**Student:** 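One structure, pasted below without further comment.
All values reported here derive from a predicted model rather than from experimental measurement.
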Amino acid sequence: WASTGLPTGLPGGRPRPSSPARIINMSLRGAFDPASSLYEIYNDLLEALTLKGITVIVAAGNDAQPVGSVSNRQIQGVMVPGETVFLPAASPHVITVAATQGTLEKASYSNLGPEVFLAAPGGEELTSWRIFSTNTAPSYYGWTQGTSMAAPHVSGVCALMLAANPALTPADLKALLPLACFDLGDPGKDDAYGHGFLMADRAVILAAGTAPPDQLIAYASHLRIETDATSGFCLAGNAGGAFTDLGTITYSVVYGGSAADWISSVTAEPSGSDGSVITLLVDRTGLPDGDHAATFTLHSTNGGSVDVPVGLAVRAVTPDPAFIPYFILLVDANTGDTVRQISTFLPNRSFTFTAVPPGDYLVVAGTDLDNDDYI
């Protein structure tokens, strides 16, 4: 940075950082001829960074194509003749990240291949499930999708791992990350998900070298099944020990109010004693209009139990427009704290707050049309 001939706008006297970066995130991709000198230079540079103790984490790309060498590849609607390889994703000196959508399925656009090391949340606009991410001007933040959103999730987890154990090398991180992944797709490493979906808590535990006692946890504070949905899901896993230490997992349901048995079936995938995607199917037949509640409890042999509150919306009239709920908050007039929150869809305008302590409250209602989590 102190050399002459820097690009316009970069001061020649710009100070160096106090310590070099240990993690580089590269949310980009380019198509290269594997026989070209530029391809060789690119790989040599990535190898040099790794030898310097820098972990390079990269996006797999958003072409729904193989990362590795392909003849006569179509790129952004244009046919490119000859062999092409996507870099940096195809380099053996990086950690290549694929993208998942909200259901943990592979995002439709995510590239694939043996070069994919693991997967992380990337969003899927086709299902209205996106990532709140840095963006371009004028807002600089926005809801979007891409493997460019998935790779920074992994970079952030690696930073947490280094905070827990600064002695870890790039090779150490690459050895620990697969152990912190929730296996998706074909058993073991596969071309769509690599070693699986990265779980941050497991990664930090492994980096610190400590394993707390087995503890069954659900990666969802609650499930809300809206009027257009027939199922809900959550991810269950082990916050300590190893995934396979939980033993047999069973479940029970306690229904609130007069409506019962509307959770028609429960499935787990995979069905072993390790982490699973738990899916609840619901049946609204005969249920009265309104919101219904239940507590879904998972029990494990070795890791205790965990409760997941479940809410089910039943509406006799289909909302118009769909997917736009409005929220009603009960706010403590003295502290400003929200003590209750419910949601409903137009044209339904009735609501009830239950078990409210005596006090002075404000009732606030509105929509979240700009998706900033504030009404």
**Student:** Please round to the nearest 0.5 Å and tell me the distance separating atom OG1 of T227 and atom CG of D291.
**Tutor:**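 Reported to 0.5 Å precision, the distance equals 10.0 Å.
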**Student:** Hey, is the main chain of Q215 close enough, under 3.5 Å, to the side chain of N238 for a donor-acceptor pair?
**Tutor:**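 Answer holds: yes.
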**Student:** Applying side chain to side chain contact (heavy atoms under 4.5 Å, CB included), run through V97 and T147 and close with a yes or a no.
**Tutor:** CA-CA 7 Å; V97 184; T147 55; over 6 Å; no
**Student:** State plainly whether the residues R29 and D63 are in salt-bridge range, i.e. N to O under 4.0 Å.
**Tutor:**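 Here R29 pairs with D63 in a salt bridge, since their nearest N and O are under 4.0 Å apart.
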**Student:** Could you pull out the closest heavy-atom pair between D191 and P114, with the gap in Å?
**Tutor:**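 Taking every non-hydrogen atom into account, OD1-N, 3.3 Å.
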**Student:** Mind checking whether I249 and L298 have side chains closer than 4.5 Å, heavy atoms only?
**Tutor:**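 In short, these two side chains touch, coming nearer than 4.5 Å.
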**Student:** Which heavy atom of V282 sits nearest to which heavy atom of A229, and what is that distance?
**Tutor:**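 Scanning both residues, the minimum pair turns out to be CG2-O, 4.3 Å.
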**Student:** Give every donor-acceptor pair under 3.5 Å between a side-chain atom in residues 47-60 and any protein atom, sequence neighbours left out.
**Tutor:**
unit_1	atom_1	unit_2	atom_2	d
T50	OG1	L46	O	3.2
T50	OG1	H93	O	3.2

**Student:** Give a yes/no verdict on a cation-pi contact between R340 and Y361, requiring under 6.0 Å between NZ or CZ and the six-membered ring centre and an angle within 45° of the axis.
**Tutor:**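 Verdict for Y361: no cation-pi partner in R340.
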**Student:** Out of curiosity, I24 CD1 to I95 CD1, how far, rounded to the nearest 0.5 Å?
**Tutor:**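 Rounded to the nearest 0.5 Å, the CD1-CD1 separation comes to 12.5 Å.
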**Student:** Output the distance between atom CG (L173) and atom CZ (R22), rounded to the nearest 0.5 Å.
**Tutor:**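 So the CG of L173 and the CZ of R22 are separated by 7.5 Å.
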**Student:** Answer yes or no: is there a side-chain heavy-atom contact under 4.5 Å between D283 and S265?
**Tutor:**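 No, too far: nothing below the 4.5 Å cut-off.
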**Student:** Got M161 and L177 here, is their nearest side-chain heavy-atom distance under 4.5 Å?
**Tutor:**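 Touching, per the 4.5 Å side-chain cut-off.
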**Student:** Between T84 and F32, is a side chain to side chain contact (heavy atoms under 4.5 Å, CB included) present by the stated rule, with each step listed?
**Tutor:** CA-CA 5 Å; T84 56; F32 291 80; over 6 Å; no
**Student:** So, the side chain of Q65 versus the backbone of I75: is there a donor-acceptor pair under 3.5 Å, distance only?
**Tutor:**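 Pair absent, no side-chain N/O of Q65 close to backbone of I75.
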**Student:** Please determine whether side chain to side chain contact (heavy atoms under 4.5 Å, CB included) holds for the pair V331 and D337, giving the CA-CA distance in whole Å, both sets of side-chain angles, and the decisive distance to 0.1 Å.
**Tutor:** CA-CA 6 Å; V331 180; D337 294 334; over 6 Å; no
**Student:** Spell out, yes or no, whether W129 and F233 are grouped together once hydrophobic residues are joined by side-chain heavy atoms under 4.5 Å, including indirect joins.
**Tutor:**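 W129 and F233: separate clusters.
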**Student:** For the backbone of T100 and the side chain of E105, can you confirm whether one donor and one acceptor N or O come within less than 3.5 Å of each other?
**Tutor:**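 Here the side-chain-to-backbone pair does not exist.
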**Student:** Can you tell me how far the CZ atom of F353 sits from the CG atom of L330, to the nearest 0.5 Å?
**Tutor:**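 Reported value, rounded in 0.5 Å steps: 5.0 Å.
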**Student:** Any donor and acceptor pair, going by atom type alone, linking the side chain of E115 with main-chain N or O of A89 inside 3.5 Å?
**Tutor:**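 Absent.
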**Student:** Is the backbone N or O of G82 less than 3.5 Å from a side-chain atom of N72, with the two atoms forming a donor-acceptor pair by type?
**Tutor:**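 It does hold such a pair.
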**Student:** Which pair of non-hydrogen atoms, one from D33 and one from Y39, has the smallest distance, and what is that distance?
**Tutor:**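 Answer, listing the atom of D33 first, then Y39: O-CB, 3.3 Å.
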**Student:** Measure the spacing between CZ of F182 and CG of L235 and express it to the nearest 0.5 Å.
**Tutor:**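 That separation rounds to 5.0 Å.
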**Student:** Is there a donor-acceptor pair under 3.5 Å between the side chain of S264 and the backbone N or O of L281?
**Tutor:**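 A pair under 3.5 Å: yes.
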**Student:** Answer with yes or no whether the hydrophobic clustering places L176 together with I23; edges join I, L, V, M, F, W, Y residues whose side-chain heavy atoms lie under 4.5 Å apart.
**Tutor:**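 Yes; I23 is reachable from L176 via cluster members.
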**Student:** What are the two closest heavy atoms between K174 and V94, and how far apart are they?
**Tutor:**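 Answer, listing the atom of K174 first, then V94: NZ-O, 3.1 Å.
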**Student:** Which atoms form the tightest heavy-atom contact between A294 and V253, and what is the distance?
**Tutor:**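 Nearest heavy atoms, A294 then V253: CB-CG1, 4.1 Å.
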**Student:** Please tell me if the side chains of V266 and I278 come closer than 4.5 Å, counting only heavy atoms from C-beta onward.
**Tutor:**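 A side-chain contact under 4.5 Å exists here.
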**Student:** Would F132 end up clustered with M149 when hydrophobic side chains under 4.5 Å apart are linked, directly or stepwise?
**Tutor:**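 They do not share one cluster, since no chain of ILVMFWY contacts under 4.5 Å joins F132 to M149.
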**Student:** Answer yes or no: is there a donor N or O on one side and an acceptor on the other, between the side chain of Y255 and the main chain of I263, under 3.5 Å?
**Tutor:**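 Yes, because the side chain of Y255 sits within donor-acceptor range (under 3.5 Å) of the backbone of I263.
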**Student:** Do the rings of H292 and W262 sit parallel, tilted or perpendicular, given the 30° and 60° boundaries?
**Tutor:**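 Because their plane-to-plane angle lies in the 30° to 60° range, the rings of H292 and W262 count as tilted.
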**Student:** Is there a path of hydrophobic side-chain contacts, each under 4.5 Å between heavy atoms of I/L/V/M/F/W/Y residues, joining L160 to M199?
**Tutor:**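 Cluster IDs for M199 and L160 differ.
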**Student:** Side-chain contact, heavy-atom cut-off 4.5 Å: D289 with R315?
**Tutor:**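 Touching, per the 4.5 Å side-chain cut-off.
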**Student:** Test of understanding: clusters of I, L, V, M, F, W, Y form through side-chain heavy atoms closer than 4.5 Å, transitively. Do V154 and L168 belong to the same one?
**Tutor:**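 Yes, V154 and L168 fall within the same hydrophobic cluster.
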**Student:** When you check the side-chain N and O atoms of N25 and S155, is any donor under 3.5 Å from an acceptor?
**Tutor:**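 Side-chain D/A pair, N25 to S155: present.
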**Student:** If you define the side chain from C-beta out and look only at heavy atoms, does anything of R73 sit under 4.5 Å from F86?
**Tutor:**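 When only atoms from C-beta onward are counted, F86 and R73 do touch, with a gap below 4.5 Å.
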**Student:** Ignoring hydrogens and angles, tell me if any N or O in the side chain of Y193 forms a donor-acceptor pair with the backbone of D183 under 3.5 Å.
**Tutor:**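 Checking the backbone N and O of D183 against the side chain of Y193, no donor-acceptor pair under 3.5 Å is found.
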**Student:** Ignoring hydrogens and angles, tell me if any N or O in the side chain of R284 forms a donor-acceptor pair with the backbone of A313 under 3.5 Å.
**Tutor:**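 Yes: the side chain of R284 pairs with the backbone of A313.
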**Student:** Can you tell me if Q341 has over 12 outside heavy atoms packed within less than 6.0 Å of its CD?
**Tutor:**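 Yes, because the 6.0 Å sphere around CD of Q341 holds more than 12 heavy atoms from other groups.
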**Student:** Quick check: closest heavy atoms across L223 and G232, and the distance to 0.1 Å?
**Tutor:**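 Closest pair (atom of L223, atom of G232, distance): CD1-C, 4.4 Å.
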**Student:** Under 3.5 Å, is there a donor-acceptor pair between the side chain of E124 and the main chain of G102?
**Tutor:**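 Not a single qualifying donor-acceptor pair exists.
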**Student:** What's the separation between atom CG in N111 and atom CG in N62, rounded to the nearest 0.5 Å?
**Tutor:**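 These two atoms lie 7.0 Å from each other.
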